[in-house]
S.K.: 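This is the structure I have questions about; it appears just below.
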Amino acid sequence: MPAPNAAPSKVSRASLDELARTCSQVRRDILRMVHAVQSGHPGGSLGCTEFMVALYFKVLRHDPKAWNMDGVGQDLFFLSNGHISPVWYSVLARSGHFPVKELATFRRLDSRLQGHPTTHEGLPGVRMASGSLGQGLSVAIGAALAKRLNGDTHLVYSLHGDGELQEGQVWEAAMSAAAHKVDNLIATVDWNGRQIDGDVDQVMPLGDLPAKWRSFGWDVLEMNGNDMADVLRGLEEARSRTGQGRPVVILMRTEMGQGVDFMTGSHHWHGVAPNDAQLDRALAQLPETLGDY
Amino acid sequence: MNPYPKLDEKDTRSGFGAGLLEAGQRDPRVVALCADLTGSLKMDAFAKAFPDRFLQVGIAEANMMGIAAGLTIGGRVPFTGTFANFSTGRVYDQIRQSIAYAGKNVKICASHAGLTLGEDGATHQILEDIGMMRMLPGMTVVVPADFNQTRQATLAIAVHEGPVYLRFGRPKWPVFIPADMPFEIGKAQVLVPGTDVSIFACGHLVWRALEAAEALLREGIRAEVINVHTIKPLDTAAVLSSVERTGCAVTCEEHNRHGGLGDAIAQVLACHRPAPQEYVAVNDRFGESGTPDQLLRKYGLDTPDIVAAVRRVRARR
């Protein structure tokens, strides 16, 4: 039975077009950042672009200008699969957390935009270090519990890779979130079926993923992470299912490398930077909509 | 004479339990997490007094560390409780990334440290934890000497901003630090002033060091006994000031000789004031089952071992 506040998303065509333009620019940022230092992780970043843009430009109830570590009275987001930092940095900059031109410092000495996200350099928008996989769900649960203790009704969102689910800590966390009825948390899994060494099914199959999460006591939704309308619908539905005694997980189907034709269809672009010619080919597919940094 | 006579016998973990309850009463931000060892860590009183601020996480220490880190976001002051082995080695990467590197205000409280956990044997007797924790940038490492000091240390770390590793133990142990003796993180305590040798000790071995000093006095050797309850940040000034007068050092710890208090002191001496030093520590071995007293004797951490180390180091001056 749908929750009383579960209204289908009414997003106008114009609004979807605007989000699509933002996605195009974010994808350009990702590719240019990774190309500039010839390192980083474009594949998952490109695949999660719609989700991150939807989250930061439509869904999160937050004020980027008033960002602070405690985030009381704000929705929070944790990136557990920290290697897709390029998409996060782009979206954080484009949503006003820090100057867009700072994207040019990605992975360079003395930068706040470290290879993997960190609080260490004081980058607004980042509340936890991540990169060593499997740790972010526990952190998100802790932050959600702090909100509950503080009487703060805002939500906590988190994103995880599907390969990351091979880490045991994720399932320790999943068990505890259900046990403690952490129902102000929406975790999303980037279900692209790829990881560094190959297809997830080949490296270490996850089995029946929806059934696994359900058996751990979670409310499970699925959505197409590369269809903006479906992402908005999925996130809204997830939000409507919070506050009902169970944590919520969205299993989000995406394509690694989405948006660049030659980067999709394999795990190859998980952590490989394009060369000059490849960058040109890729950028030709992605209109510059908001101005390159 | 030992100016700190034995007042009582109590386990240091009970000092932690008492301190945690008080910290919770003083500050509503304090929350506690435990991985299925609430009774062993003496966290029951806190759990009973503040059920909403106590989180049972089950046998899942990695998750506990992550949840604790998350709880700081929103201003909570989390204390995690489990055995020292599961507080450090099992969760080193979680502590490293989600707590130390992220600069989170988590208090990692570790019981059953060292050989004196006794009969459970080497799987549980971690002797490497001080080394692991003091290698982490920004981590404070506190190893109090008795029940009273563990209680005081628990209260002190509750108001200290930043990640802390607090190490204590299982057995009943002499209580000799007066309950009202001031405790300051990072400030070593000269318990017995002396001129002939500096004995630096932490945790359970502080009592053994006091016994050794008494025995040495009967031989006419006036040992200075210093309680180094904070391994990091180390009270460098206190170390140098003592060795300046005595010219030699003995370090005593319930830990592997690699990476612990002895190495911390050796580094200070080597860099600032080279002087002979002898280690009273476990000689790069794993422990085994036995009573605490038997184990301290077998592994060379007993009072006569400290006395012998003093004789050796004085001969090298």
Side-chain angles (χ1 to χ4, degrees), chain A residues 67-74 76-78 80 82 114 116-123 126-152 154 156 158 167-182 184-185, chain B residues 24 27-36 50-80 82 86 90-108 136-139 161-163:
Chain A
W67 186 90
N68 61 73
M69 180 56 76
D70 281 342
V72 174
Q74 312 257 322
L76 309 183
F77 171 72
F78 293 97
S80 188
Q114 291 288 298
H116 293 81
T118 170
T119 57
H120 207 253
E121 325 293 336
L123 186 69
V126 180
R127 294 188 169 89
M128 175 51 64
S130 61
S132 174
L133 294 171
Q135 301 188 26
L137 188 57
S138 305
V139 172
I141 291 166
L145 288 168
K147 285 208 177 294
R148 191 156 87 185
L149 283 165
N150 292 340
D152 180 349
H154 284 71
V156 176
S158 60
E167 291 280 7
Q169 186 184 346
V170 176
W171 302 102
E172 293 183 5
M175 203 184 321
S176 69
H180 290 287
K181 299 181 169 43
V182 182
N184 54 344
L185 168 65
Chain B
D27 186 349
R29 298 175 310 152
V30 169
V31 295
L33 303 90
C34 189
D36 195 34
F50 307 107
D52 295 342
R53 287 155 54 192
F54 176 77
L55 198 73
Q56 172 63 263
V57 298
I59 308 165
E61 295 82 7
N63 186 40
M64 176 165 72
M65 293 303 166
I67 292 179
L71 276 161
T72 66
I73 300 164
R76 293 283 153 178
V77 182
F79 282 65
T80 66
T82 182
F86 317 136
R90 188 176 185 86
V91 292
Y92 196 67
D93 188 43
Q94 283 76 15
I95 293 175
R96 181 176 180 277
Q97 175 172 282
S98 294
I99 296 175
Y101 182 45
K104 299 304 182 194
N105 191 26
V106 175
K107 315 305 171 188
I108 301 160
L136 289 170
M139 183 66 72
E161 183 68 30

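Residue numbers begin at 1 in each chain, while the letters A, B, ... track the order of the sequences.
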S.K.: So which part of Ser138(A) gets closer than 4.5 Å to some heavy atom of chain B, the side chain, the backbone, both or neither?
M.R.: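 Both parts, backbone and side chain.
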S.K.: Scan side-chain atoms only and decide if Gln94(B) and Gln169(A) contain a donor-acceptor pair under the 3.5 Å cut-off.
M.R.: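 Indeed, the side chains of Gln94(B) and Gln169(A) share at least one donor-acceptor pair under 3.5 Å.
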S.K.: For Ser130(A) versus Gln97(B), what's the shortest heavy-atom pair and its separation?
M.R.: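 Ser130(A) and Gln97(B) have their closest heavy atoms at CA-NE2, 3.5 Å.
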S.K.: Could you have a look at Thr118(A), Val72(A), Leu145(A), Leu137(A) and say which one has the most heavy-atom pairs with chain B under 4.5 angstrom?
M.R.: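 With the most close heavy-atom pairs to chain B, the winner is Thr118(A).
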S.K.: What closest approach, in Å, do Arg127(A) and Lys104(B) show between heavy atoms, and which atom pair accounts for it?
M.R.: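 For Arg127(A) versus Lys104(B), the nearest heavy atoms are O-NZ, 2.8 Å.
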S.K.: Between Leu33(B), Val31(B), Leu55(B), which shows the greatest number of heavy-atom pairs under 4.5 Å with chain A?
M.R.: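 With the most close heavy-atom pairs to chain A, the winner is Leu55(B).
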S.K.: Please identify, among Asn68(A), Val156(A), Asn150(A), Asp152(A), the residue contributing the most non-hydrogen atom pairs under 4.5 Å to chain B.
M.R.: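 The answer is Asn150(A).
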S.K.: Could you check which of Ala68(B), Gly58(B), Ser98(B) has the highest count of heavy-atom pairs closer than 4.5 Å to chain A?
M.R.: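 Maximum pair count with chain A is reached by Ser98(B).
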S.K.: Not counting sequence neighbours, which residues clear salt bridge (Lys or Arg N to Asp or Glu O under 4.0 Å) with Arg90(B)? List them please.
M.R.: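 With neighbours one apart ignored, the set is Glu61(B).
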S.K.: Give a yes-or-no answer on whether the side chains of Asn63(B) and Ser176(A) include a donor-acceptor pair shorter than 3.5 Å.
M.R.: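 The criterion, which ignores hydrogens and geometry beyond distance, is satisfied for Ser176(A) and Asn63(B).
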S.K.: Given side chains that start at C-beta, do those of Ser158(A) and Leu185(A) come closer than 4.5 Å, heavy atoms only?
M.R.: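 Contact flag for Ser158(A)/Leu185(A) side chains = yes.
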S.K.: Pick whichever of Arg96(B), Met64(B), Met65(B), Gln56(B) has the most heavy-atom pairs under 4.5 Å with chain A.
M.R.: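 Ranked by heavy-atom pairs under 4.5 Å with chain A, first place is Gln56(B).
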S.K.: Please rank Asp70(A), Ile141(A), Val126(A), Val170(A) by heavy-atom pairs under 4.5 Å with chain B and give me the top one.
M.R.: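 Looking at each option in turn, the highest pair count goes to Asp70(A).
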S.K.: By salt bridge (Lys or Arg N to Asp or Glu O under 4.0 Å), which residues pair with Arg29(B), not counting sequence neighbours?
M.R.: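 Applying salt bridge (Lys or Arg N to Asp or Glu O under 4.0 Å) to Arg29(B) gives Asp27(B).
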S.K.: Please state whether the side chain, the backbone, both or neither of Leu76(A) comes within less than 4.5 Å of a heavy atom of chain B.
M.R.: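 For Leu76(A), the contact with chain B is made by the side chain alone.
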S.K.: Could you tell me which of Arg148(A), His120(A), Met69(A) has the largest number of non-hydrogen atom pairs under 4.5 Å with chain B?
M.R.: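 It is His120(A).
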